[in-house]
Amino acid sequence: FKSDQGTYVAMVSPKGSMWDVDFLDKFVKELKSVTPNVTGFPVTHRVYVRQSVTAVFQAMLYSFFVILILLIMDFRNVRGVLLSLMPLVIGMLWLQLFMLIFGINYNVANVAGLPLLLGLGIVYGLRIVHRWREDMTITAFAATKTTGRGLAFAALAIIAGLISIVPARHTGVSAFGKILLIGIILCMFTALVILPAFIDYLYVMKNKENNPDVET
């Protein structure tokens with residue numbers, strides 16, 4: 001567009017999604033490499049998106065430290081705290097791998113689901129560990145037959161709700177549902193399968209150390 005004063009305005013449309021934080025950074029950076037006097041929705045949206053993403057990660061960091069303090073106050077030993085954190089840590093690592101394999105990027109919509117996943121992942125591990133600590137002489141898989149069953153039904157209820165919003169036409173709502181759906185499934189699987197197996201491994205190794213001549 002050219003004004004009567006001889007000045008020009010160029011309108012540039014991006015090829016990617018404005019909800020993709022990395023693409024938005026790249027797009028605005030390329031525009032500013034041509035001229036620093038750029039404005040419009042992508043420029044202002046980038047500011048709001050970066051503020052939102054930063055706020056979410058700060059909230060996650062603060063929440064994690066608060067939860068860590070509560071776990072330390074609850075168990076009063078390192079083993080209980082680490083075991084409770086296992087489903088969350090392993091579930092989040094698998095989530096990153098899953099997103100990398102399938103090309104899913106973080107955006108301002110799905111990143112909002114991470115604080116929720118933080119709380120759920122820790123709760124899953126906490127319930128299993130507490131149930132096992134009620135009778136540490138038996139296998140940890142006994143906890144999955146009682147507490148684990150209730151945990152699984154609670155997780156499946158959430159999963160059923162998330163499945164209903166994943167096909168949503170709104171990209172943000174769908175992305176939010178996908179990240180939570182994948183994360184909850186991975187954290188639940190870790191809490192019901194990997195965590196009890198790891199606890200039983202420690203239990204077997206301890207028995208062998210205390211009774212080297214006895215098969216367990």
Side-chain angles (χ1 to χ4, degrees), residues 21 52-102 104-134 136 139-163 165-166 175-203:
V21 181
S52 300
V53 172
T54 301
V56 168
F57 280 106
Q58 286 179 346
M60 285 187 61
L61 184 62
Y62 298 150
S63 300
F64 179 79
F65 279 116
V66 171
I67 292 172
L68 185 60
I69 292 173
L70 293 175
L71 289 176
I72 293 173
M73 293 173 59
D74 183 21
F75 288 104
R76 300 182 184 276
N77 66 77
V78 177
R79 184 177 64 176
V81 173
L82 294 179
L83 290 176
S84 297
L85 290 174
M86 183 179 292
L88 173 66
V89 174
I90 296 180
M92 290 294 289
L93 290 175
W94 278 359
L95 176 61
Q96 309 314 308
L97 179 61
F98 188 93
M99 294 177 68
L100 179 64
I101 293 175
F102 290 93
I104 302 175
N105 297 318
Y106 283 114
N107 54 53
V108 69
N110 62 19
V111 76
L114 294 180
L116 298 176
L117 186 59
L118 173 67
L120 290 172
I122 291 178
V123 166
Y124 294 160
L126 181 66
R127 291 177 177 175
I128 294 297
V129 173
H130 265 299
R131 174 62 184 88
W132 171 67
R133 282 168 61 90
E134 291 178 0
M136 299 172 63
T139 173
F141 276 100
T144 63
K145 296 180 180 179
T146 53
T147 301
R149 186 178 302 175
L151 185 153
F153 274 107
L156 289 174
I158 300 175
I159 290 172
L162 292 174
I163 290 177
I165 68 173
V166 168
F176 176 82
K178 287 178 182 177
I179 200 78
L180 265 181
L181 178 63
I182 298 170
I184 288 175
I185 291 175
L186 294 175
C187 289
M188 179 183 66
F189 175 80
T190 305
L192 296 180
V193 178
I194 297 180
L195 177 58
F198 184 76
I199 291 175
D200 283 351
Y201 172 77
L202 295 179
Y203 167 73

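Values in this document were obtained by computation on a predicted structure and should not be read as measured data. Residue numbers run from 1 in the order of the sequence given.
At least one side-chain heavy atom of F57 sits less than 4.5 Å from a side-chain heavy atom of L114. Side-chain contact between F75 and V129 is present, with at least one heavy-atom pair separated by less than 4.5 Å. Annotation: side chain of M99 is not in contact with side chain of I182 (no heavy-atom distance under 4.5 Å). A 4.5 Å side-chain heavy-atom check between S63 and L118 finds at least one atom pair inside the cut-off. Inter-residue side-chain proximity for T139 and P196 is flagged as unmet; no heavy-atom pair is nearer than 4.5 Å.
Of all heavy-atom pairs between G125 and P87, the closest is CA-CG, 3.5 Å. Between G113 and I179 the shortest heavy-atom distance is CA-CG2, 4.4 Å. When every heavy atom of A112 is checked against every heavy atom of P115, the shortest pair comes out as O-CD, 3.3 Å.
Atom-to-atom distance recorded for L85:CG and L126:CG is 9.5 Å, nearest 0.5 angstrom. We find the CZ-CG distance between F65 and L61 to be 5.0 Å, quoted to the nearest 0.5 Å. Atom CD1 of I67 is separated from atom CE of M60 by 9.5 Å, given to the nearest 0.5 angstrom. Between M86 atom CE and L195 atom CG the span is 6.0 Å, to the nearest 0.5 Å. To the nearest 0.5 angstrom, F98 atom CZ is 5.5 Å from I104 atom CD1. Atoms CG and CG, on L156 and L162 in that order, are 11.5 Å from each other to the nearest 0.5 Å.
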From CA spacing to verdict: side chain to side chain contact (heavy atoms under 4.5 Å, CB included), L88, Y124: CA-CA 8 Å; L88 173 66; Y124 294 160; over 6 Å; no

Residues L117, M92; criterion side chain to side chain contact (heavy atoms under 4.5 Å, CB included); working and verdict: CA-CA 9 Å; L117 186 59; M92 290 294 289; 3.5 Å; yes

Steps toward side chain to side chain contact (heavy atoms under 4.5 Å, CB included) verdict (D74, H130): CA-CA 10 Å; D74 183 21; H130 265 299; 2.6 Å; yes

Derivation and outcome, side chain to side chain contact (heavy atoms under 4.5 Å, CB included), residues L192 and I128: CA-CA 8 Å; L192 296 180; I128 294 297; 4.3 Å; yes

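T146 meets the side chain to side chain donor-acceptor pair (under 3.5 Å) test with R131; sequence neighbours excluded. For L116, the side chain to side chain contact (heavy atoms under 4.5 Å, CB included) partners two or more places apart in sequence, or in a different chain, are F176, L180.
The side-chain contact (heavy atoms from CB on, under 4.5 Å) test with L181 singles out one residue from L186, I165, I158, I159, and that residue is I159.
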